[in-house]
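Taking it in order: structure first as structure tokens, then the write-up.
All figures in this text were calculated on a predicted structure; none of them were measured in a lab.
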Amino acid sequence: MIREQHMITGKIIKGIGGFYYVAAEDGKIYETKARGLFRKDGVKPLVGDDCGIEVTDGIKCLGSILSILPRRSMLIRPAVANTDQAIVIFAVSKPEPHTGLMDRYLVGMEHQDCPVTVVLNKIDADQGTGDRLAAIYGHAGYRVVQTSAKRGDGLEKLRSILKGKTSVLSGPSGVGKSSLLNALYPDHSVKTGEISERIGRGKHTTRHSELMVAGEATFLLDTPGFSSVELPPDLEEDGLVYCFPEMKQYIGACRFSSCRHLAEPECRVKQAVQDREIEESRYESYVAMMELLKQRRKY
């Protein structure tokens, strides 16, 4: 008896152990393997890839990935395709916000040309810190949303930002990302649970990024919490200033065309810091990162 096969398109929402889980256009999640031609051509399917699959068992939801559709974008860290935006979540309290860590993350996203929204969570615990940080990052040019999973503050605004897009959600451990997701999408566990059941009740799930299906054309890549952020390996010292949106307007306005905005005289960036056009904490992060890049080049 020949098993009936048919083609269908979908999006890879998780990859683990050589298996790829695809949220298909028919509303089902298929467990698939990539055909050997991908290895031969040096193509590795990524979470977020839109793909064409051959359904080999419609009852058990099994199939094979036949093609990867053209990517409109690709992030290296985290490795994900077709991302529209990044959402970086920090708590205003417990844990205390680490602006240096936040700034390194933002630089990494700017370097990859990925738009970012800054979410300041737990404002029910410290509204004052929330307002202060919102002013700093709003001034720097970022969209900022203050949220409280407990009280519901900012949830509708954040939900509208996420709707219809593929978003990467990142932040340090303990900032309340899971509580925020549960408050935003109370029934999202149904979708992720379907995958967990298939790979052994969530085995290894904390080590791997996965896309959560949160609505029509709405996907969230929930990444593991981080305690440190490395600067992009291909970022050079003269490229750092381009990763600070509020500094870009002053590029070329300094006395010296080779100005690194550190100890040089008649530096327009440093003048902007003195005039409070650039936040001092952001400039301090720039200086600290420049030192890291110098040390990296040295070794």
Side-chain angles (χ1 to χ4, degrees), residues 75 77-78 83-112 114-163 165-186 188 209 212 214 218 220-229 231 243-247 273 276-286 288-289:
L75 292 181
R77 295 184 177 188
T83 302
D84 295 304
Q85 60 185 351
I87 310 293
V88 58
I89 303 168
F90 274 74
V92 299
S93 177
K94 297 180 182 179
E96 296 302 310
H98 187 323
T99 55
L101 192 64
M102 188 186 300
D103 291 337
R104 285 198 294 277
Y105 180 88
L106 293 173
V107 161
M109 290 297 106
E110 290 287 341
H111 187 61
Q112 298 181 88
C114 183
V116 183
T117 293
V118 174
V119 172
L120 302 171
N121 197 28
K122 302 185 184 180
I123 58 163
D124 53 281
D126 190 343
Q127 184 67 62
T129 297
D131 290 344
R132 179 176 59 82
L133 291 175
I136 290 173
Y137 289 96
H139 191 192
Y142 290 101
R143 179 167 54 187
V144 180
V145 182
Q146 297 189 59
T147 60
S148 167
K150 185 184 293 186
R151 292 193 317 216
D153 302 52
L155 295 186
E156 196 55 46
K157 182 178 181 181
L158 182 54
R159 200 179 287 116
S160 69
I161 289 169
L162 297 170
K163 186 177 181 180
K165 296 184 181 299
T166 297
S167 309
V168 172
L169 273 64
S170 299
S173 301
V175 297
K177 183 153 54 87
S178 295
S179 298
L180 198 55
L181 277 174
N182 287 330
L184 284 165
Y185 304 103
H188 84 272
S209 298
M212 185 183 98
T218 303
L220 309 179
L221 183 77
D222 185 11
T223 61
F226 56 74
S227 57
S228 63
V229 177
L231 290 174
C243 296
F244 283 76
E246 68 271 45
M247 296 185 187
V273 176
R276 298 186 178 182
E277 295 166 2
I278 293 174
E279 297 285 347
E280 190 170 351
S281 66
R282 290 278 289 166
Y283 178 70
E284 288 170 356
S285 286
Y286 170 84
M289 282 184 249

How long is the straight-line distance from [atom2] of [Y] back to [atom1] of [X], given to the nearest 0.5 Å?
| X | Y | atom1 | atom2 | value |
| --- | --- | --- | --- | --- |
| Asp84 | Ile161 | CG | CD1 | 13.0 Å |
| Leu184 | Leu155 | CG | CG | 5.0 Å |
| Ser281 | Met102 | OG | CE | 9.5 Å |
| Tyr283 | Asp103 | OH | CG | 14.0 Å |
| Leu231 | His111 | CG | NE2 | 9.5 Å |
| Tyr105 | Ser228 | OH | OG | 13.5 Å |

Side-chain contact, heavy-atom cut-off 4.5 Å: [X] with [Y]?
| X | Y | value |
| --- | --- | --- |
| Lys177 | Val119 | no |
| Val107 | Glu110 | no |
| Leu162 | Gln85 | yes |

Closer than 3.5 angstrom, by distance alone: can the side chain of [X] be matched with the main-chain N or O of [Y] as a donor-acceptor pair?
| X | Y | result |
| --- | --- | --- |
| Asp153 | Ser148 | no |
| His139 | Glu277 | yes |
| Ser167 | Ala86 | no |
| Glu246 | Arg282 | no |
| Lys150 | Ala125 | no |

Practice task
For Thr99 and Leu133, run side chain to side chain contact (heavy atoms under 4.5 Å, CB included): C-alpha distance rounded to whole Å, both residues' side-chain angles, the deciding distance at 0.1 Å, then the answer.
Solution key: CA-CA 9 Å; Thr99 55; Leu133 291 175; 3.8 Å; yes
Provide the closest heavy-atom pair for [X] versus [Y] in the form atom of the first, atom of the second, distance.
| X | Y | value |
| --- | --- | --- |
| Gly154 | Val145 | O-CG1, 3.8 Å |
| Gly130 | Ile123 | CA-CG2, 4.5 Å |
| Gly100 | Ser285 | CA-OG, 4.0 Å |
| Pro245 | Cys243 | CD-O, 3.6 Å |
| Asp124 | Arg151 | CA-NH1, 3.5 Å |
| Gly174 | Lys122 | O-NZ, 2.9 Å |

Problem - Step-by-step side chain to side chain contact (heavy atoms under 4.5 Å, CB included) determination, Thr83 to Leu221 - result: CA-CA 9 Å; Thr83 302; Leu221 183 77; 5.8 Å; no
Practice task
Using the six-membered ring wherever Trp is involved, compare the ring planes of Tyr286 and Phe244 and label them parallel, tilted or perpendicular (cut-offs 30° and 60°).
Solution key: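 Tyr286 vs Phe244 ring planes: perpendicular.
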Exercise for the section: Report the residue from Asp131, Asn121, Val92, Leu158 that forms a side-chain contact (heavy atoms from CB on, under 4.5 Å) with Gln146. Expected result: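 Among Asp131, Asn121, Val92, Leu158, the one that satisfies the side-chain contact (heavy atoms from CB on, under 4.5 Å) with Gln146 is Asp131.
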Problem - Residues Leu120, Tyr137; criterion side chain to side chain contact (heavy atoms under 4.5 Å, CB included); working and verdict - result: CA-CA 10 Å; Leu120 302 171; Tyr137 289 96; 5.7 Å; no
Exercise for the section: Would you kindly say whether Ser93 and Asp126 are connected by a side-chain donor-acceptor distance under 3.5 Å? Expected result: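 No - no donor-acceptor pair under 3.5 Å links their side chains.
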Practice task
Please lay out, stage by stage, how Val118 and Leu106 fare under the test side chain to side chain contact (heavy atoms under 4.5 Å, CB included).
Solution key: CA-CA 9 Å; Val118 174; Leu106 293 173; 4.2 Å; yes
